[in-house]
Amino acid sequence: YQISNRYVIIEVPLLVALDGKGRRRQLTDPKDEIYDGHTHYFSRESFRNLVDECFDIVVLKEGVQSPALFAVLEKK
């Protein structure tokens with residue numbers, strides 16, 4: 001929050017794309033050989049709950065690295 005004057009642009013991983021189509025990620029144990037480095041995946045609702053107190057959501061859409069959520073946030 002303190003590293004931004006006004007806007008924050010972020011992309012976070014989802015297990016399933018916002019439209020429910022395309023590639024699906026699998027929850028994997030970090031000990032597995034195919035672990036992708038993510039310890040948490042968001043849903044649209046969990047992301048909104050995380051940022052709602054401090055930010056207004058300006059843009060919320062499918063990210064470039066689908067399944068992912070891309071957001072532009074503005075400080076409240």
Side-chain angles (χ1 to χ4, degrees):
Y1 187 80
Q2 295 176 353
I3 63 171
S4 172
N5 290 328
R6 186 168 181 190
Y7 292 101
V8 174
I9 299 170
I10 189 169
E11 184 169 293
V12 297
L14 302 173
L15 286 174
V16 179
L18 292 174
D19 65 4
K21 299 178 182 176
R23 180 170 74 109
R24 293 177 174 265
R25 297 181 198 260
Q26 300 296 318
L27 289 175
T28 57
D29 189 305
K31 297 175 195 164
D32 291 346
E33 290 181 25
I34 52 173
Y35 177 62
D36 69 1
H38 295 105
T39 58
H40 179 79
Y41 292 95
F42 289 87
S43 66
R44 184 188 308 251
E45 295 77 25
S46 68
F47 183 80
R48 285 181 185 274
N49 289 338
L50 177 69
V51 302
D52 188 51
E53 188 175 314
C54 298
F55 297 96
D56 290 320
I57 299 173
V58 178
V59 174
L60 187 66
K61 64 181 187 176
E62 187 67 32
V64 174
Q65 298 181 50
S66 182
L69 184 145
F70 173 83
V72 177
L73 311 171
E74 185 175 14
K75 278 183 158 180
K76 288 188 175 184

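- Residues Leu50 and Val12 share a hydrophobic cluster, clusters being chains of Ile/Leu/Val/Met/Phe/Trp/Tyr side chains in contact below 4.5 Å.
- Side-chain contact between Lys76 and Asp52 is present, with heavy atoms from C-beta onward closer than 4.5 Å.
- Grouping the Ile, Leu, Val, Met, Phe, Trp and Tyr side chains by contacts below 4.5 angstrom, directly or via other members, places Ile10 apart from Val72.
- Considering CG of Leu69 and CZ of Arg48, their distance stands at 8.5 Å, rounded to 0.5 Å.
- Under a hydrophobic-cluster definition in which Ile, Leu, Val, Met, Phe, Trp and Tyr are linked whenever side-chain heavy atoms come within less than 4.5 Å, directly or via other members, Phe70 and Phe42 are assigned to different clusters.
- Note: the hydrophobic cluster containing Phe47 also contains Leu14 (ILVMFWY, side chain heavy atoms under 4.5 Å, direct or indirect links).
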Output a table of donor-acceptor pairs, distance under 3.5 Å, between side-chain atoms of residues 55-68 and any protein atom two or more places apart or on a different chain; print 'none' if there are none.
unit_1 : atom_1 : unit_2 : atom_2 : d
Glu62  : OE1    : Leu18  : N      : 2.7
Glu62  : OE2    : Ser66  : OG     : 2.8
Glu62  : OE2    : Ala68  : N      : 3.0

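- Judged by distance alone, the side chain of Lys75 and the main-chain N or O of Ser4 form a donor-acceptor pair under 3.5 Å.
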